[in-house]
**Student:** 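Structure below; questions to follow.
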Amino acid sequence: MAKNLLIVESPAKAKTIEKILGSDFTVKSSYGHVRDLPKEDISVDVEHDFKPNYVVTADKQKVVKELKDAVKKVDEVWLATDEDREGEAISWHLCQVLGLDEHSTKRIVFHEITKSAIQLAITQPRKLDLNLVDAQQARRIVDRLVGYELSGLLWKKVKGKLSAGRVQSVTVRLVVEREREIQAFETTPFFRITAEFNVKSADGKVSVLKAESPERYDTQDNAASFLKKCVGAAFNINNIEVKPAKRKPAAPFTTSTLQQEASRKLGFSVSRTMLVAQRLYEAGFITYMRTDSTNLSEMAIASIAQEIENLYGSRYVHTRRYKTSKAGAQEAHEAIRPTYITNQQIPGDRDQTRLYELIWKRTIASQMSEAELERTIVKIGVSTMPGSPLQAEGEVLKFDGFLKVYLESQDDDDEEDTKGILPPLKVGQPLDLLDMTATERYTRPPARYTEAALVSKLEELGIGRPSTYAPTISKIMEENRGYVVKENRDGEVRKYAILTLKDGQIKTSEGSEVTGAVKNRLFPTDMGMVVTDYLFEHFKEIMDFGFTAGIEKDFDIIAEGNKNWVKTVGDFYHPFHATVQNALETSARATGERILGKDPETGRTVLVRMTRFGKPAVQIGSKEELAEDEKAKFANLGPNQSIETVTLEDALRLFTLPKSLGEFQGKEVSIGLGRFGPYVKHGDVFVSIPRGEDPLEMEIERANELIKEKQLADAPIGTYKGIDITKGKGRFGPFLKYGDLYINVPAKHKLDTITVEECHKLIEAKINKEANRYVQRWEKEEIAIENGRWGPFIRFKKNNVSFPKTEGQKMTSEDAAKLSFEDVKAIIEAALPGSFKKK
DNA sequence: CAGTGAGCGAGCTTCCGCTTGACTT
């Protein structure tokens, strides 16, 4: 029997550590925090020293019960939660709920899951650091007070279900400001001049040398005059400069750099990266994936060096120790790396193998030699101009080093040509001009954020933590808030001028290019802008990008034991709360209202604003202009329109909707803008117009196409026992509808090509499953024992309750069928206390 | 699902940070 219980946060970690420690230790996990402030109300007593009301959250009751049982069976408990503020607090909460003494229980920490690190930690137990716990409490309570008070304010002043908080509101602000920068950006054209020369080497071989003018020319006239000066001029090499250069590999992955590289190289969203990484971690292939540290364990560095030597030879080995210097980094874990570097590949699905490969390469590269390059700059003189107006650059890789394995990618792949190898050249050598081109280019606005780029910015500002990056991005895009959307947008065609000098002649021509096309970029919605502006107007301090960094300093002082947490929270809260009260009483509804002009027909004011329903709309007739019982005219804003950019003309056109387009199949076809977006109406059937298509531009042909598509999609694809089978796409993917039954279509079938026979099989399987679904049911199926994938479980309203395991024996369907309603109620009551309270 | 846009008040929503869960319309 084990005499010791060691508690960590993650169950996967617990498994590994249990193996290392042997039979004297039972290792269990807390699954993160076990207590929190309940979400029903604010649960902080602001009148009495901000006393928090912590409760064991519903999803942790089972965990806590199991830990309590485990504590009873051992002589000693070791708290081995992560070594950071949150980890310390988890240990303290564990003391509270498990009845352990917070002053004497053994607390140990380690940053890496290796035998030596853990065994060393066991020899150096310390006590709980209650100052650090206090710092966490201050953090938690400030976040609760800010979040709940600001959210409540938004419900009153903008719309229900909205939210605001220290992290999310600033995150939205970043997206809003970037969009405004882009809107305000004025692209200016300029000209870039490139030239091609014939070069003859000593052995008579002819090759081409590409050169360009380092200067930009701001007008076509200036570019043309440069070209004119080159007509009939002589060119020769004034100078050749050869410089050695080195490139260093990037540090091993942290959460945010993994998210960025997976986004750039694999096209993953941040949540997809984290999901796949979680699977790799659980399978034991990689170390912990939520980390802000670039540190590798000494053991890992040694084995990586060995692996590099085996694969590429010792010249490629260069071990490095990376320091993290990001604001607010807490470094409780290692960098993300393969647990066994010798696993060059791992089994798994495509996502897993690709993400693993990325991690393996980055880790290996981080311990490899620098790449050695030779950069050559050739200055070219023109006889009609002073100096060296043209320049050629070349780059030769002398030693590949880490580039053999891995090259970090960039967000903005600029139009810069990849520099290649130059032909052999000599100073003073004359050059023979082939052609010269001046191409019109345009300055570019800053790029919209990708999810990963936004995370990177948050990390740079010290806002949020590795465990919250992905959830924060999801949160600001979630339906009820809808502050930000991720979209693809088509670009616009733009013309540019080209001047070519060839055979002594200058010719002008025109090229065209697509500009501004983006994929998977973040755009603020009107709601995002309205809420950001409102919060910024009243809460500059909280919306400041430095706010988090500022209070983090206070939390550090608390952690050092030099300040009382209650005072820190109070110093912040009292003025903050007063501002909230003031805003509640004095500020008007936030609508982002903008006056567009006058309606030429009625002469009344045309304005655009956010409505009470959270949808932006155009309104004709302001309050003052309308008679007592008269109503303003309204039209919803269309797709690709926003409060900030819509013009008077576009706004007025919206009032031409709904409009009839004609007839199709004997029924009227019309278009309109509904509550859920633009639609085509065909008789009584509504068809949504896909995003990006402008309903105002809709032609009857396109509308008919959409109607036909809809009819095809709605048409039954066959029958089963005389009942129609239809197909559709739902929230959880493609499904078949058969009577009242919804049947998921597994990924191996394609919805377009699925056969009626396959449908019959799926329906039969579903009917069989449905017949076996219930073991017992009570109270109109509100309470039932159902057969799940892993055996029977109890469904209690929306909750699922597992049967407690007795002596490792799992409940079977046969035994479950014998349980009485009273038995079942007792099991539910044990798992979810208070479920059957009398009213 | 495919008109409501105001304001009132019932009762609902909401924060950040630590973890994995295991249901299927």
Side-chain angles (χ1 to χ4, degrees), chain A residues 8-13 29-37 39-44 57 59-60 62-63 81-82 84-87 89-90 93 136 139-155 159-169 278 281-282 290 332 463-468 471-472 475 480-481 548 589 591 609-619 623 631-636 658 672-679 681 684-688 730-733 735 737 740-744 766 769 773 786 788-790 793 795 798-800 802:
Chain A
V8 294
E9 293 178 36
S10 154
K13 224 191 239 180
S29 122
S30 74
Y31 292 80
H33 273 293
V34 292
R35 287 203 309 181
D36 193 14
L37 303 169
K39 66 185 189 39
E40 289 70 36
D41 53 42
I42 209 151
S43 293
V44 175
T57 41
D59 56 327
K60 293 298 162 56
K62 211 173 123 188
V63 174
T81 51
D82 297 345
D84 56 21
R85 204 163 59 203
E86 299 297 325
I90 290 172
H93 281 295
Q136 192 275 346
R139 197 280 304 156
R140 178 67 190 93
I141 288 164
V142 166
D143 279 340
R144 168 54 66 95
L145 293 170
V146 169
Y148 273 39
E149 293 208 357
L150 287 187
S151 297
L153 181 63
L154 292 182
W155 300 344
K159 196 183 80 123
K161 297 189 183 179
L162 294 177
S163 64
R166 172 175 59 84
V167 172
Q168 59 170 284
S169 295
Q278 176 86 28
Y281 167 67
E282 283 166 6
R290 289 185 277 262
I463 298 168
R465 305 278 314 130
S467 70
T468 61
T472 300
K475 182 169 275 185
N480 284 332
R481 304 170 177 85
T548 291
R589 274 192 81 81
T591 63
R609 64 177 175 86
M610 184 63 75
T611 66
R612 281 201 303 153
F613 301 98
K615 268 198 80 77
V618 183
Q619 177 181 349
K623 225 180 199 176
K631 289 183 85 177
K633 271 168 71 183
F634 285 94
N636 286 336
L673 267 171
R675 194 142 54 105
F676 304 96
Y679 61 85
K681 196 176 169 201
D684 298 330
V685 181
F686 287 89
V687 188
S688 295
R731 259 196 311 150
F732 305 97
F735 64 85
K737 193 162 183 265
D740 293 337
L741 284 181
Y742 285 86
I743 303 151
N744 284 335
K766 177 75 176 182
K769 204 175 148 198
R773 182 170 159 198
E786 292 184 24
R789 238 193 300 176
W790 295 275
F793 67 94
R795 187 168 49 74
K798 295 241 162 169
N799 300 300
N800 294 315
S802 305

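Below, read A as the first sequence line, B as the second, and so on, with proteins coming before strands; counting in each chain starts at 1. Note that this is a predicted model, so its numbers are computed, not measured.
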**Student:** Is there a side-chain contact between A:Ser163 and A:Gln168 in this structure, where contact means two heavy atoms from C-beta onward sitting under 4.5 Å apart?
**Tutor:** yes
**Student:** Looking at every heavy atom in both A:Lys60 and A:His33, which two are closest together, and how far apart are they?
**Tutor:** NZ-O, 2.7 Å
**Student:** Taking only residues two or more places apart in sequence or in another chain, which ones pass side-chain contact (heavy atoms from CB on, under 4.5 Å) with A:Ser43?
**Tutor:**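 Partners of A:Ser43 under the side-chain contact (heavy atoms from CB on, under 4.5 Å) test: A:Leu37, A:Pro38, A:Asp41, A:Asn53, A:Arg144.
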**Student:** Does B:dG7 have OP1 or OP2 sitting under 4.0 Å from an N or O in the side chain of A:Arg612?
**Tutor:**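 For B:dG7, neither OP1 nor OP2 has a side-chain N or O of A:Arg612 closer than 4.0 Å.
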**Student:** For DNA chain B, what are the stems built from at least three Watson-Crick or G-U pairs in a row, each pair having both distances below 3.5 Å?
**Tutor:**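 Consecutive-pair runs (3 or more) involving DNA chain B: none.
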**Student:** What does the B/S/- profile of nucleotides 15-20 of chain B look like, 5' to 3', with a 4.0 Å heavy-atom cutoff to protein?
**Tutor:** BBBBBS
**Student:** Is a donor on one side and an acceptor on the other found under 3.5 Å between the side chain of A:Thr468 and the backbone of A:Thr472?
**Tutor:** no
**Student:** Can A:Trp155 be classed as stacking with the base of B:dT13, given a centroid separation cut-off of 5.5 Å and a plane angle cut-off of 30°?
**Tutor:**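 The base of B:dT13 is stacked with A:Trp155 (centres under 5.5 Å, planes under 30°).
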**Student:** Tell me: CG of A:Asp41 to P of B:dC12, nearest whole Å?
**Tutor:** 12 Å
**Student:** What interatomic distance, in whole Å, is found between C1' of B:dG9 and the corresponding atom of B:dT13?
**Tutor:** 16 Å
**Student:** Taking the basic N atoms (NZ, or NE/NH1/NH2) and the acidic carboxylate oxygens, is any pair closer than 4.0 Å for A:Arg140 and A:Asp36?
**Tutor:** yes
**Student:** Is there a donor-acceptor contact under 3.5 Å from the side chain of A:Glu9 to the main chain of A:Asp82?
**Tutor:** yes
**Student:** Specify the separation, in whole Å, of atom NZ of A:Lys631 and atom P of B:dG7.
**Tutor:** 14 Å
**Student:** Please determine, by modelled atom types, if A:Ser467 and A:Arg290 share a side-chain donor-acceptor pair under 3.5 angstrom.
**Tutor:** no
**Student:** Is A:Ser688 reaching over with its side chain to a backbone N or O of A:Tyr679, donor-acceptor style, under 3.5 angstrom?
**Tutor:**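 No, because the side chain of A:Ser688 does not come within donor-acceptor range (under 3.5 Å) of the backbone of A:Tyr679.
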